[in-house]
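Inspection log for the structure reproduced underneath, given as C-alpha cells.
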Amino acid sequence: MNKHHNATYKRIAMVAVALCAGAFAQADFSIQQIADPDFLNRDPVISETGVVAWHGMRLQGTGQRSHVFAHQNAEKKILTQHIPTWGNSSLHINGDRISWVSHLHERGEGRT
C-alpha cells in the first residue's frame, strides 16, 4: 500500500469512530428504581426479552418470609404474594418464563 491509501484508511477510521461516539453520546436513557425500598432486594436476573425478576424479604414486621418479584412492561408483581413460601432461591428466567426453588409450608406452622 502506498502513503495515499494509508492516509485514506486513517481518515475513514477516524470518521467511523467519531460517528460511533456521537451515536452513543446521543442515546437517551433514564434510571428508575423498581425494587421496593421496604424489602431487602437481592439476586436480580434480566432476560433477553426485558423481564426483570429478583428475590426480596421485608425488612420489618413479617418474619423471614421471602418473595419473588417480577417487572415487565412497566408493571411490578409479587409472584409469591398469596403462596405460603419461605426461602425462595435459584431464580432463573428463560424468555418470559420465571422459575425458582421455593420451600412451601402449611399454614399454622408458625411461619407467615
Side-chain angles (χ1 to χ4, degrees):
M1 285 193 182
N2 61 30
K3 290 181 184 180
H4 175 70
H5 283 103
N6 285 340
T8 301
Y9 290 129
K10 286 181 182 178
R11 276 188 284 238
I12 291 172
M14 288 173 40
V15 169
V17 168
L19 289 174
C20 289
F24 289 117
Q26 297 295 324
D28 290 327
F29 63 91
S30 63
I31 298 173
Q32 176 184 1
Q33 180 175 336
I34 58 174
D36 190 328
D38 292 335
F39 281 75
L40 173 62
N41 301 290
R42 57 188 173 86
D43 302 329
V45 182
I46 303 172
S47 77
E48 68 278 2
T49 61
V51 176
V52 180
W54 66 95
H55 300 285
M57 186 181 308
R58 190 169 295 280
L59 294 174
Q60 298 176 350
T62 60
Q64 296 297 312
R65 173 119 189 253
S66 66
H67 288 288
V68 175
F69 294 86
H71 187 271
Q72 182 180 23
N73 300 325
E75 182 179 349
K76 181 176 73 174
K77 295 180 181 179
I78 303 176
L79 302 179
T80 55
Q81 179 140 11
H82 301 293
I83 302 170
T85 64
W86 59 278
N88 298 299
S89 63
S90 302
L91 186 62
H92 298 281
I93 301 180
N94 185 6
D96 292 337
R97 296 176 185 246
I98 301 170
S99 63
W100 67 92
V101 174
S102 184
H103 301 277
L104 299 174
H105 62 83
E106 299 293 326
R107 295 187 190 276
E109 286 186 6
R111 295 187 177 117
T112 57

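It should be emphasised that the depicted structure is a prediction, and the values quoted were computed from it without experimental measurement.
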| message | Nearest 0.5 angstrom please: His55 NE2 to Ser102 OG, how far? | response | 9.5 Å

| query | Do Met57 and Val68 sit in the same hydrophobic cluster, where Ile, Leu, Val, Met, Phe, Trp and Tyr count as joined when their side-chain heavy atoms come under 4.5 Å apart? | reply | no

| Set of residues satisfying side chain to side chain donor-acceptor pair (under 3.5 Å) with respect to Ser47, sequence neighbours excluded | Thr49

| query | In Å and rounded to the nearest 0.5 Å, what is the OG to CG distance from Ser99 to Leu91? | reply | 7.5 Å

| For Trp54, all residues meeting ring pair (Phe, Tyr, Trp, His ring centres under 6.0 Å), sequence neighbours excluded | Phe69

| query | Just by distance, do the side chain of Asp38 and the backbone of Asp36 share a donor-acceptor pair under 3.5 Å? | reply | no

| task | Considering non-hydrogen atoms only, spot the tightest contact between Ile46 and Val52 and give its length. | result | CG1-CG2, 4.0 Å

| note | CD1 (Ile98) and CD (Gln72) are apart, to the nearest 0.5 Å, by 7.5 Å

| remark: CG of Asp43 to NE2 of His92, rounded to nearest 0.5 Å, is 10.5 Å

| query | To the nearest 0.5 Å, how far apart are CD in Glu48 and CG in Asp96? | reply | 8.0 Å

| Taking every non-hydrogen atom, the tightest pair across Gly95 and Val51 | O-CG2, 4.1 Å

| Between Ile34 and Lys76, which heavy-atom pair has the shortest distance, and what is it? | O-CD, 3.2 Å

